[in-house]
Structures are given as C-alpha cells and as structure tokens.
Number of protein chains: 2
Amino acid sequence: MTTSLHHRAIENLGTRIVGGNLPAGHVMLAEQLEDELKVSRSVIREAVRVLQSLGLVETTKRVGIRVLPPSRWNPFDPQVIRWRLASDARGAQLRSLAELRAAVEPAAAELAAENAPAPLRLELVDVAYAMRDAGHNGEVPRFLELDIQFHSLLLSGSGNEMFANLMGQVAETLTGRTVHGLMPDHPHEAALQWHVDVAEAIARGDAAAARDASDRIMRRTMSQMSDTWTEQPRVFIPVRH
Amino acid sequence: MTTSLHHRAIENLGTRIVGGNLPAGHVMLAEQLEDELKVSRSVIREAVRVLQSLGLVETTKRVGIRVLPPSRWNPFDPQVIRWRLASDARGAQLRSLAELRAAVEPAAAELAAENAPAPLRLELVDVAYAMRDAGHNGEVPRFLELDIQFHSLLLSGSGNEMFANLMGQVAETLTGRTVHGLMPDHPHEAALQWHVDVAEAIARGDAAAARDASDRIMRRTMSQMSDTWTEQPRVFIPVRH
DNA sequence: TGACACCGATGTGTGCAGACATCAAAACTC
DNA sequence: GAGTTTTGATGTCTGCACACATCGGTGTCA
C-alpha cells in the first residue's frame, strides 16, 4: 500500500520544518506547495490543518502559511518527537525524553504499587527475573525487548493515562541507546537487581520501596547517558503571560 | 470575528467524543456530518483529519469515520486535555495532571538549579517572596497569579522543552483548585517558605536542595487534593506489543 | 511641504459544489 | 468455502465565490 498523499504531504513538511530546513518565519503559499509536492489543493489544505494543530505553522489571510518557532510546537506529539529524533536535534530530544522518563518512572512505580491490577504485578515480576537472566547471559536483543516490556508494564500499571502514553517514546529512548552504542553487553549487576526490587515492591504494594528502587535505576541510567549529550544546546522556552 | 467553521467543527466533534456522547466504535459518515453541522465537505474533511491526528477517530473506506476508544487518544494534546476538563472526567484529568506535575516539578527544580539563566533565577526569587507576602495578607487572586508565574518560571528554567510545555496545563490545575474551593484563604505557612527555599536553592545552584523543597511542596499539595478524587475511576491503558 | 488618516485595490486563505478515482467490505457465484 | 463481482464510502482533483488583512494611493489638515 502506498501511503496516502495526505500522509506524505504531512511527512514531507513536518520533517522539513522540524529538521530546520524550513526556518521559523518562513512563509509558504498553498499554491506553491501544490506545485512543489505535485498534489491538489485539498491535500495541501488538509495537511496544513494538521500541521497547524501541531503548532508547526499558522495561516494568515493575505500572507500565507508561516512556519512557527520551536517554542510553539507541541513537544509531546508523537509525530513531532519522531521528526525531531530524525533530525540534528536527535540528541536533545533523547535527553528531554530521558529526563521526563527519569522524573515519571519513580512516580509511576509508586502509583503502580498502590493501584496496579494483580495480573500486571505478577507479569512485572516475571519480566524482571527474565531480564536478570537475559542480562547475565549477555542476550542483548532479548534483554532490550524485556526492558521495554518491563517499563511499559510499569507505566501502564500506574493507572495514569499520561504516564502510560509515554511507553512509545520510552521504547524510542531505549532502542536509541543501543543504536548509539551506549548499551554494555552485560548490563550492570546492581541495575538488574533494582528491576527485580521494583517489581517485587509493586507486587507487595510497597509504594516507597518501589519508588526508591525505580529512582536508583533512573539515576544510574541518567548518569550513564549524561556524558554523551552535555554538548547538546538547551532550549529555554520563554514564559507566556 | 466569528471563529472559523473548521474550528467550530473540531470543537463540536471533539467535545462530543471526549465527553462520551459519541462512544468508541460509533461510526459516522462524512455526508451525515455535513448535514448535521450544516457545512461543506471540505470543512468536515479538514476537521476529521485533525481529529485523526489526535487519535480521536480513524477513517476506513467503505465504512466511514469511526470513533476510537480513550486509550488511543493523545492524552498530552492541549485540546484533548481541555475537552476532558470540560467533561465528566474532569476529576480524573485533574488528578492525572497533578500526578504528572508532582513527578516533573522536583526534577525541573533540579535541572533549573543547574541550567537556568541568571535573570530567571533572580525573577524566581522575587516571585517567591511576593508569593509569601500575598499569602500572609490573604490576597487570594494575586497569590494565584504569582503561584502560576512561579511554577511557570520553574518549568521554563529547567531547559527541558517538554517540562516547559506543561506550564499551560499546570495553570489549569491551579485555577481548577480554586474553582473547586480547594484553596484555603491563607496558604499553609510552611508551603510558602518551601517556595522561597526552592527559589533560593535554584539561585545558588543547589540542585539537591531545590529538588527536596519542590518535592515537599508537591507532596503536600497531593495529599491535600487526594481526598477529593479517590472516587474517580482509574483508566488502565493496555500495553501494546 | 510634510504628516497623518482614510479608503479602495489586491492577493490569499476559507468555504462551497460537483466530479471521478480508489479500494475494501459485502454480496454473490461456483 | 474460495474466488469473483458489486457496491458504497473515503480519497483526490478542480473551478468558483467570498472574506478580509495588507499595501499603496489619495485627500485633508497643520
């Protein structure tokens, strides 16, 4: 199946804007985009509407379609995140996601210990032990898969739909780490145990212990990654009154 | 200026879907929506495309426009949040936001202590002291305004654009609290001091102290609010493999 | 003469109507 | 039951009328 023209138009413009090829303030005309992408007006109009809802562009009569600065983008939109990960700002995006994850996961662990359904708790324990085995045996691909499953279950078990929604992005950061060669062949022994600690604390409903163990995992992964992206420039979003 | 038809169509359908009037699985036809909203096909199509990008509906040839379940919605989209706050699920949405905020703010305080630009640190200190004064004098509206400004500055100062983007939603939760009558006339004395502590810790670059003080604020507000929404049902989003 | 307010021309997004293309669900045939 | 045809919905294209922000010219007043 060839993806729809609508989808391709969004993808084309989205990657170019987020990638910086179309700088903020740049003005385009609908007609010009029709010619450029060789599609009809309706396709362009529908694509622009979507980009507008993501905060990537704004339309003004008599002016055209204006590209907005990054401070106006919706940084939580999965598409925007994907485009940023595919751009030069990949490092900065990974850092942002990692920081968000480091903040959220201990809180999610705490909530999961209080609210998660029983079957999920059991699965979490199983996965934690499987992770430990895979880590010991140096089965890197299987470990990565289990790692993603573990953290997905944790976020899902919190019962907070915003936490749960970060699953997809978390998977990105984890796979991103391996792509960047930041993943050792044998994960740190203590980190493996901490995963088990989180799972068992949740299983027995010990919120404080779950948070603490999760916090240890996060602090370790953060300190592990921080070296690689210290050179990434930070973006300060001005306060809108 | 009358808001555009496009905007009105999105608003109409968005509120109805998020509000539960159009249940998941419900199928609509573009032609039927044209008649119902008395607008042309292009308006409907552009609106549907936007709702599609928010995960509220999907379109299938030969079937129509199908409403998707809440687990498919983008819970971070400002519009979705706004519609949810206007619906029966207002309580659950406020709780989710409060939990997110409680997780993020201490992390943001830590980052701000390390990265925030100097002028922002100074402004933060000023606002913290102004808050304390306003709190002492029982100036509730002014206190609320300063409170929002304080937390906006904090999130913005973290240098993480995802944290910074939560400002708008945070403002909602704070104003939401007053609307719900959860705001005492005289804010708790210790909480006022903690705000000052956060600001001064950030000003002198003490990340650990900033986090601790912020964490105390969050724990207090959470325990304050938790009574009111314990009856709200939690939504567990299934893990997608 | 110069500054300023007004006003009409212009160009671009917005909204409308109708046509044909495409493709997957559903009905049909064997 | 498997394969084929039909059908009905979205996808795409096009021409047109309208709304309205911007720009430039015109007239008025100091």
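Everything quoted here is computed from the prediction, not taken from an experiment. Throughout, a chain's letter reflects where its sequence line sits, starting with A, and its residues are numbered from 1.
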Colleague: Starting from C1' on dT12(D), measure out to NZ on K61(B) and report it in whole angstrom.
Modeller: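 From K61(B) NZ to dT12(D) C1': 9 Å.
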Colleague: Less than 4.0 angstrom between a side-chain N/O of R49(A) and OP1 or OP2 of dG15(C), yes or no?
Modeller: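 Yes, within the criterion.
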Colleague: How close or far is atom C1' of dC16(C) from atom CD of E31(B), stated in whole angstroms?
Modeller: 15 Å
Colleague: Distance check needed: dG11(D) C1' versus K38(A) NZ, whole Å only.
Modeller: 20 Å
Colleague: Of the candidate nucleotides dG15(C), dT22(D), dC16(C), which contains the atom at the shortest distance from the side chain of V39(B)?
Modeller: dC16(C)
Colleague: I need the CZ-C1' distance between R45(A) and dG13(C), as an integer number of Å.
Modeller: 8 Å
Colleague: With respect to E11(B), which candidate in R16(B), Q79(B), R82(B), H6(B) satisfies the side chain to side chain donor-acceptor pair (under 3.5 Å) definition?
Modeller: R82(B)
Colleague: Taking atom CD of E36(B) as the centre, does the number of heavy atoms from other residues, nucleotides or ligands within less than 6.0 Å exceed 12?
Modeller: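 Yes - once you tally the heavy atoms of other residues, nucleotides and ligands closer than 6.0 Å, there are more than 12.
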Colleague: Return yes when atom CG of D35(A) has more than 12 non-hydrogen atoms of other residues, nucleotides or ligands closer than 6.0 Å, and no otherwise.
Modeller: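 Yes, the 6.0 Å shell around CG holds more than 12 heavy atoms from other groups.
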Colleague: Across the strands shown, which category fits R66(B) at heavy-atom distances under 4.0 angstrom: base, sugar-phosphate, nothing?
Modeller: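 No contact.
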Colleague: Could you tell me whether E31(B) atom CD has more than 12 heavy atoms of other residues or ligands within 6.0 Å of it?
Modeller: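 No, CD of E31(B) has 12 or fewer neighbouring heavy atoms, counting only those of other groups under 6.0 Å.
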Colleague: To the nearest Å, give me how far apart CD1 (I65(B)) and C1' (dA25(C)) are.
Modeller: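 Between C1' of dA25(C) and CD1 of I65(B): 17 Å.
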Colleague: Classify T59(B) by what it touches in the nucleic acid, base, sugar-phosphate, or nothing, heavy-atom distance under 4.0 Å.
Modeller: sugar-phosphate
Colleague: Side chain of R41(A) only, please: which of dT12(D), dG15(D), dT14(C) is the nearest?
Modeller: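 In terms of side-chain proximity for R41(A), the closest of dT12(D), dG15(D), dT14(C) is dG15(D).
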Colleague: For a quick test of reading the model: is some side-chain N or O of S40(B) closer than 4.0 Å to OP1 or OP2 of dG15(C)?
Modeller: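 It does not, given that no N or O in the side chain of S40(B) lies less than 4.0 Å from OP1 or OP2 of dG15(C).
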Colleague: I need the CZ-P distance between R62(B) and dA27(C), as an integer number of Å.
Modeller: 8 Å
Colleague: Between dA19(D), dA24(C), dT12(D), which nucleotide gets closest to the side-chain atoms of V43(A)?
Modeller: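 Within the option list, the nearest is dT12(D).
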Colleague: Quick one: I10(B) CD1 to dG15(C) P, roughly how many Å, whole number?
Modeller: 11 Å
Colleague: Check the orientation of F76(B) and F76(A). Use parallel for under 30°, tilted for 30 to 60°, and perpendicular for over 60°.
Modeller: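 The rings of F76(B) and F76(A) lie parallel, inter-plane angle below 30°.
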Colleague: Hey, which sits more toward the 5' end of DNA chain D by its nearest nucleotide, H6(A) or T60(A)?
Modeller: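 The answer here is H6(A).
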Colleague: Measure CD/E46(A) against P/dT14(C) and give the value in whole Å, please.
Modeller: 13 Å
